[in-house]
Amino acid sequence: MNDIITDYDDLNLAEAKEIQNKLREKINLEPFTKPIQTIAGADISLNRFSEIIFAGIVILRYSDLQPIAYSLVESKTSFPYVPGFLAFREVPALVQALEQIPVKPDVLMIDGHGIAHPRRMGIAAHFGALTGTVTMGCAKNILFGKWQEPGIQKGDYRPIMNKEEVIGYALRSKFKTNPVFISPGNRMSLSDSLDIAIRCAGNYRLPEPTRRAHEFVNLFRTGKLKEGYHELTPQLLF
DNA sequence: GCGACAG
DNA sequence: ATCTTGTCGC
């Protein structure tokens, strides 16, 4: 009676679009008020031409952005990658990864877009609507909307526009590198997503939650980390 | 009709 | 997403 439905493998795109339209009603873009203690990065990794996907969520302490725990799940998908429908391929495994975390993170930063999507239902919005969690998207490339190049300084940004509406931001997360594309997914506002992304910008292009998730999930795929939920001991911090 | 197109 | 060497710029 509370199970999250993520049986997506046999859907066609028309059915997938219906699900997106239905799920969109659950999205809440009001400001997030409570103080943030932990933020998680979520990402997946796979071998080319393989249906096996390696999903991971890494939880970081918000104060210093150090990883404190991670959850890894190996799963299988037959849903292909189709621009605009990424969630149907990656979300089921990420939901599994979330389910095995005993204490959920306050916010999740997901690799991909939030509402900066043709139907406002990028993977971060989809995941947030499905799980009821606080989510935002951080993508390396634009999918939908018009944007202008931000200034070259770290922290410079410009809005992603659809007609007259702001749907996200192109953010210079590191000096003189390509921007990342930020948008809210669920239970936070546009400016919340921008503030959090800026706060999470470290010494690399990818904000720390996303960067760490990518790192851990690749270590998992290449056999250096094991499936399951694990906590990092303070002295063994990566 | 044509081009664009998260991971 | 992943496969990969060199190379250009700071």
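- Ring-centre distance between F144(A) and H117(A): not below the 6.0 Å cut-off.
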Could you list the protein-to-nucleotides 3-6 of chain B atom pairs, N/O on both sides, closer than 3.5 Å?
unit_1, atom_1, unit_2, atom_2, d
dA6(B), OP2, Y81(A), OH, 2.5
dA6(B), O4', H113(A), ND1, 3.4
dA6(B), N7, G84(A), N, 3.0
dA6(B), N6, G84(A), O, 3.2
dA6(B), N6, F85(A), N, 3.2
dA6(B), N6, L86(A), N, 3.1
dA6(B), N1, I123(A), N, 3.0
dA6(B), N3, H113(A), N, 3.2

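- Running 5' to 3' along DNA chain C, contacts with non-hydrogen atoms of chain A at under 4.0 Å begin and end at dA1(C) to dC10(C).
- In this structure, OG on S173(A) lies 11.0 Å from CG on N203(A), to the nearest 0.5 angstrom.
- Checked by atom type and distance alone, the side chain of E15(A) pairs as donor or acceptor with a backbone atom of N12(A) at under 3.5 Å.
- Side-chain contact between M161(A) and V166(A) is present, with heavy atoms from C-beta onward closer than 4.5 Å.
- A single hydrophobic cluster is not seen to contain both I167(A) and I123(A); linkage of ILVMFWY side chains at heavy-atom distances under 4.5 Å, directly or through other members, places them apart.
- Distance check: C200(A) SG to D195(A) CG gives 11.0 Å after rounding to the nearest 0.5 Å.
- Nucleic acid contact for H214(A): sugar-phosphate only, since backbone atoms but no base atoms lie under 4.0 Å from a heavy atom of the residue.
- Rounded to the nearest 0.5 angstrom, I160(A) CD1 and I182(A) CD1 are separated by 8.5 Å.
- At distances below 3.5 Å, at least one donor-acceptor pair connects side-chain atoms of D106(A) with backbone N or O atoms of Q37(A).
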Quick one: side chains of residues 78-92 of chain A, donor-acceptor pairs under 3.5 Å with protein atoms, not counting sequence neighbours, listed by atom name and distance.
unit_1, atom_1, unit_2, atom_2, d
R89(A), NH1, F79(A), O, 2.9

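- Residues I198(A) and L171(A) form a side-chain contact, since some pair of their non-hydrogen atoms from C-beta on lies under 4.5 Å apart.
- Taking the nucleotide of DNA chain C with the nearest heavy atom to each of K176(A) and V217(A), the more 5' of the two is matched to V217(A).
- Screening Y157(A), F181(A), W147(A) for a ring-ring contact (aromatic ring centres under 6.0 Å, His included) with Y169(A), the sole residue that qualifies is Y157(A).
- Using a 4.5 Å heavy-atom cutoff, the side chains of K140(A) and L206(A) are in contact.
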Intermediate values then yes/no, side-chain contact (heavy atoms from CB on, under 4.5 Å), K17(A) and R119(A): CA-CA 9 Å; K17(A) 195 174 290 189; R119(A) 291 170 294 285; 3.6 Å; yes
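- A cation-pi arrangement is found for R211(A) relative to Y204(A), the charged atom lying closer than 6.0 Å to the ring centre and inside a 45° cone about the ring normal.
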Given pairs defined as Watson-Crick or G-U wobble with both distances under 3.5 Å, what dot-bracket annotation applies to DNA chain C, with ( ) intrastrand, [ ] crossing, | other strand and . unpaired? ..........
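- Residues of residues 40-53 of chain A having a heavy atom closer than 4.0 Å to DNA chain C, listed by number: S45(A), L46(A), R48(A).
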In dot-bracket form, how is DNA chain B paired, counting a Watson-Crick or G-U wobble pair only if both its distances are under 3.5 Å and using | for bases paired to another strand? .......
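- You'll find the side chain of Y70(A) stays beyond 4.5 Å of the side chain of I57(A), heavy atoms only.
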